[in-house]
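I have a structure I would like to understand better, so I am pasting it below and will then ask my questions one at a time.
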Amino acid sequence: MKIVQFSVLRPIAMSMVIFFLIILGSVSVKNMSIDLFPELTFPTAVVTATYDGASPTEVENLLAQPIEGAMGTIPNIEKVSSVSQNGGALVLVQFNWGTDMDFATLKMREQIDAVRDVLPEGVQTPKVLRFNPSDLPIMQLAVTDTKGNIENAKEVAQKEVKTAVDRLDGIASTSIEGGPEQEVQLITNPQKLLSYGITLKNLQEIIGSENIDLPGGNVEDDQETLPIRITGKFNSLNDLKMLPIPTKKGTVLLNDLVEIEQKEQRENGLSYLNGKDAVGLSILKQSGTNTVQVAKNIHNEIEKLKEELPSNIKIQTIFDQSMFINQSISAVSSNMIVGSLLAAFVLFLFLRNFRSTMIISLAIPLSIMTTFIFMYFSNQTLNLLTLGGLALGVGMMVDNAIVILENIYRLRQEGEGKKDAAIKGTNQVGQAIIASTLTSVVVFLPIIFVDGLAAQLFKPLALVVSYSQFAALFTALIIVPLLSSLILKLKENENEKKGFFDKFTNRYKALLSASLKHPKKTVGVVIVLFLLSFAGVPFIGTEFLPSQDQSYLSIEAELPPGSTVEKTYRKVKEINEKIRPVEEIANTYVTIGGSSNFSMGGRNSHNEANYSVLLTDIGNRSRTDLEIAEDIRQKLKNIPNADITVSSGTSGFSANPISLKISGPNLETLRSLSDQTINLISKVDGIREPKANYEEGNPEVSISINRDKAAQYGIGSASVAQTVSDATKGLIATKLSGDAGEELDVRLLVDEKYISSTEELENLTIQTQMGTSIPLKAVASISRDTGPSQITRSDRVREITVSADILNRDLGTITKDIEKTLKENLPLPNDQYKVTFGGQNEQMNDAFYKLSLALALAVVLVYMVMAAQFESFFHPFLIMFSVPLTFIGIILGLLITNEPLGVGSLVGILILTGIVVNNAIVLIDYLKQLREEGYDAKEAILLAGPTRLRPIMMTALTSVLGLLPLMFGIGEGTEIQRPMAIVIIFGLTVSTFITLIFIPTLYYMFEQRRIKKKEKTG
């Protein structure tokens, strides 16, 4: 190969190429974004539609069903589901993985336009929103005032912190929660307004029309064209108070008609840090930006602010994704370095020559830098999985270099010169190592055809492993011959030195000779071991992805519907007292009230409290986040009148571990079945906090309009609804600039004493078309009632989902127990009702099926590559027997480490398929050469086995020891690579030892059979 000659004959030029690769790799790694996981594109979008005042049943019939029907005609749809609530609907549309979501959302908007005329009047055009993981906060901050002045903390958060953060590069948005919201309230007396012949609506229109600042065209004056501006803007609260209002009794100042004051809004969310009033800030980054760099910029800006702000203002970090990213990346990088050092130690142990070890060891950093170049130009990011792929490839990076160096060294021993031995030795094995690299890489080709979340996560890992192998091949072809021609020296008195490996080789040769004497027994023993390994399968659980300890927990507390913010706060104080003794808790941040991201119909959550619990670092605590969560769960389980959920160990993108979908036509029947399901699965060992996704009906005041009476007064239902809404919610009339320059809402409100009870509400006055006023009770009856909560549909069938967490048991085993329990104890009314598994179980089964097909295809591709390499069908067929032997090691490894079989394990098996055949290739290739030289089968085997023992053991051990740190899971964020490392280490170790005996013996049996067959026919 010309590249080999170039590297040996032009050492200075090649050294410049090497330096160029190092420089380019350094620039590449510096410019790559750092994130926790690869950039994920979820094929999910939602349609939100609001219909004020409509019940869930009306929303289902009038909004959800037409929109579902329209969405169902779009190509590549996998599933359409909807949630119908008071005042609005949310329709979730899931597409097949790989769908172009820009085009898909465009088609969704087109379908919305097509169905727009079918929707009721008064419904605004539904909105289409895409789900993007980058829409989740990367950082949350809390601002507090040690003097207890929460208004001051809110002002600092809005004017100082938010302003400073928003101007930084990479920031998408910053939202503020908690703290008092100021507004100007105009408190009205309905009777007084009635006496002046004016309504809230009239006041809103008058105030809004007076607060203007508009352009009025141009005017010519003294040969100049001057723009005209009409100014009537309120500059102060006094301007608002002195506003003249025309009434039937004449003009009256607004201050004489209503009470005007600046105060806090009636309904507002609350937030607390460690039990103290706080203002929270949630920060989102722009898609595609470097999470770690953005977070670093935020921290730098906050540190500057702390120096400028008063000492009583404290800014604390509640959640920072970059901390876990940095810790995880650091842990994986450290493991990669340790793995490299262990691999180098193995080389020195075998070669007993510093120069030889240095030659091969230099291939690792150069291969890594070359891999970074490939990663940069293929738009990969530095994340847990890409660096994990690099760590997986570290041990294999030296395999090619070992084979080349071994051959060069052999030629030197035969008397070849330095340069000739380097060129000839590399060329002799060049084709073989290229084919060997192809077998290691070709196994990843089937992943191209795999879709789903698992593929999105592991395709980058597969790419990086492939890049590392190509980089290792390239660097081995240039650096090993180059350095061998310059610094490699033969060891003196080599034949006189007998060490441990010589004894090991002799014992191996004796064992191999004994196996050849009893080939059927040897093969039989291996087959028995293979069959016995199946006995361990029932003891191995299954999972989708392992949970990750991110030193973060979340607690959700839900009180009975209708509970006030004050009542929820009292429950929060009770929770705080219960969790205070937990030593591992660093900070607790809780929010009460507010709205959800897709709130519909003005739905609030005053009865809900959401905790963000930051734990101390993993190194500073003895318990995992799962154990701490269970401790907190037990402490909170006896708190009355509150549904409390504690969550931990999530990777952030997988669904609930247990998710049972109960579908059927009748909602009450579904609720009964879901209640039974919760009771049944609660008894299954390992199940925690089962709950259904329906809510109990909200207590409400029902106003039933008598249309006949209302018609007599010329009043429609819409007028009654508008009057009641204006009185209870208030009306935003305009905005007023506050003292600090902020914009304050000017809200018209009815004095609370006139709407504080149903009796007062009955006397609320309604203006008729004739100008007279009547009480509400004249045209409607008022009663307390329980309104419906929500209706969920999936693929046009009503559905209730029962979800649960799991603890100390694997997903597959628990799922089997649940299936058995429900089959025996949950009778379904008829065939219209079904119970199916979703959540992580659905994701796991889908990933297992697709990766199993990819594995089968990988085996075929590996055989095809070897057949092309050997120009034979027989030898690759023989080598492929080493693949199923890995099953023995895989099962043994998973049992010893108590690790469930998951997506990571399957990807490890895929990688193992490509590398395990290399040992057999090295052995069979030399065996084939000896047979061509005239050796009989037994002689060839007894010569080839011991000769190839050292390179086989070296390549296997470097691969195994390179992965050892990952298997032990040292540091944060290594949970996802651990199953892969376990599978490869145990599978490769067991397969290597068995292959060294089993493959030669099997070859001998085939040869004996071929010879006997030839003798019979001859």
Side-chain angles (χ1 to χ4, degrees), residues 33 35-50 63-64 66-85 88-116 119 123-139 170-175 282-291 294 321 379 381 383 451-457 459-460 595-600 603 650-656 693 792-795 838-839 842-843 846:
S33 294
D35 223 323
L36 186 59
F37 291 107
E39 195 78 29
L40 299 175
T41 303
F42 282 85
T44 303
V46 295
V47 180
T48 60
T50 57
L63 290 186
I67 294 173
E68 285 176 17
M71 295 300 107
T73 61
I74 299 173
N76 295 323
I77 290 284
E78 182 178 300
K79 184 179 180 181
V80 178
S81 54
S82 68
V83 178
S84 301
Q85 296 177 334
L90 185 147
V91 180
L92 180 70
V93 184
Q94 292 175 267
F95 292 85
N96 295 324
W97 286 89
T99 301
D100 184 343
M101 289 305 295
D102 291 329
F103 178 74
T105 49
L106 180 64
K107 292 294 292 181
M108 288 174 67
R109 292 186 180 95
E110 289 178 358
Q111 292 301 106
I112 292 293
D113 291 338
V115 80
R116 182 69 185 84
L119 303 181
V123 174
Q124 297 180 356
T125 302
K127 296 178 181 178
V128 177
L129 305 169
R130 278 180 61 179
F131 173 71
N132 191 337
S134 63
D135 291 340
L136 301 173
I138 63 163
M139 189 180 292
I171 298 297
S173 67
T174 306
S175 59
S282 295
I283 305 168
L284 277 68
K285 76 177 183 75
Q286 294 173 356
S287 180
T289 52
N290 189 329
T291 301
V294 170
Q321 193 181 80
N379 296 319
T381 62
N383 56 66
D451 55 21
L453 178 59
Q456 288 248 331
L457 286 172
K459 273 180 185 176
S595 306
S596 61
N597 292 334
F598 298 113
S599 58
M600 298 167 291
R603 181 172 178 259
T650 175
S651 55
F653 39 72
S654 54
N656 290 318
N693 68 337
T792 303
R793 289 160 54 92
S794 179
D795 292 330
E842 185 178 31
Q843 291 176 320
D846 179 65

Heavy atoms of other groups near Lys79 NZ, more than 12 under 6.0 Å: yes
Do any N or O atoms from the side chain of Gln111 and from the backbone of Ala70 form a donor-acceptor pair under 3.5 angstrom?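 Flag set: sc Gln111 to bb Ala70 pair under 3.5 Å.
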Side chain to side chain, Ser84 and Leu63, heavy atoms closer than 4.5 Å: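 Sidechains of Leu63 and Ser84: no contact.
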Going by the rule side chain to side chain donor-acceptor pair (under 3.5 Å), which residues pair with Asp846 if we only count those two or more places apart in sequence or in a different chain? Lys850
Quick one: OG1 on Thr291 to CE on Met139, what's the gap to the nearest 0.5 Å? 10.0 Å
What one should report as the nearest heavy-atom pair of Thr105 and Ala45 is CG2-CB, 4.2 Å
Between Pro43 and Gln94, is any pair of side-chain heavy atoms under 4.5 Å apart? no
Can you confirm whether Ile67 sits close enough to Pro126 that some side-chain heavy atom of one is under 4.5 Å from a side-chain heavy atom of the other? yes
Quick one: salt bridge (charged side-chain N to carboxylate O under 4.0 Å, His left out) partners of Glu78, sequence neighbours excluded?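 Per chain and number, Glu78 pairs via salt bridge (charged side-chain N to carboxylate O under 4.0 Å, His left out) with no residue.
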Can you list everything that forms a side chain to side chain donor-acceptor pair (under 3.5 Å) with Ser173? Sequence neighbours excluded, please.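 Ser173: no side chain to side chain donor-acceptor pair (under 3.5 Å) contacts found.
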Can you tell me how far CG of Leu129 sits from CE of Met108, rounded to the nearest 0.5 angstrom? 9.0 Å
Steps toward side chain to side chain contact (heavy atoms under 4.5 Å, CB included) verdict (Phe95, Thr44): CA-CA 6 Å; Phe95 292 85; Thr44 303; over 6 Å; no
Shortest non-hydrogen contact from Thr289 toward Gln286: OG1-O, 2.5 Å
Among pairs that include at least one residue of residues 91-101, which meet salt bridge (Lys or Arg N to Asp or Glu O under 4.0 Å), considering only residues two or more places apart or in two chains?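 Salt bridge (Lys or Arg N to Asp or Glu O under 4.0 Å) check on residues 91-101 returns no pairs.
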Tell me whether Asn290 contacts the main-chain N or O of Asp35 through its side chain, where contact means a donor paired with an acceptor under 3.5 Å.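 No; zero donor-acceptor contacts below 3.5 Å.
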Rounding to 0.5 Å, atoms CE (Met101) and CG (Asn76) come to a distance of 10.0 Å
Is there a side-chain contact between Pro137 and Leu284 (heavy atoms, below 4.5 Å)? yes
Ile112: which of Val91, Val128, Leu119 passes side chain to side chain contact (heavy atoms under 4.5 Å, CB included): Val128
Could you list the residues that satisfy salt bridge (charged side-chain N to carboxylate O under 4.0 Å, His left out) with Lys107, not counting sequence neighbours?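 With neighbours one apart ignored, the set is Glu110.
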Asn383: what forms a side chain to side chain donor-acceptor pair (under 3.5 Å) with it, not counting sequence neighbours? Thr381, Thr386
To the nearest 0.5 Å, what is the distance between OG on Ser82 and CG on Leu92?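 Answer rounded to 0.5 Å: 9.5 Å.
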Using side-chain heavy atoms (C-beta onward) and a distance below 4.5 Å, is Val46 in contact with Lys127?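 A side-chain contact is absent here, since even the closest heavy-atom pair is not under 4.5 Å.
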To the nearest 0.5 Å, tell me how far Thr99 OG1 sits from Ile77 CD1.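 One gets 8.0 Å once the value is rounded to the nearest 0.5 Å.
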4.5 Å side-chain heavy-atom contact, Arg793 and Val80: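 No, too far: nothing below the 4.5 Å cut-off.
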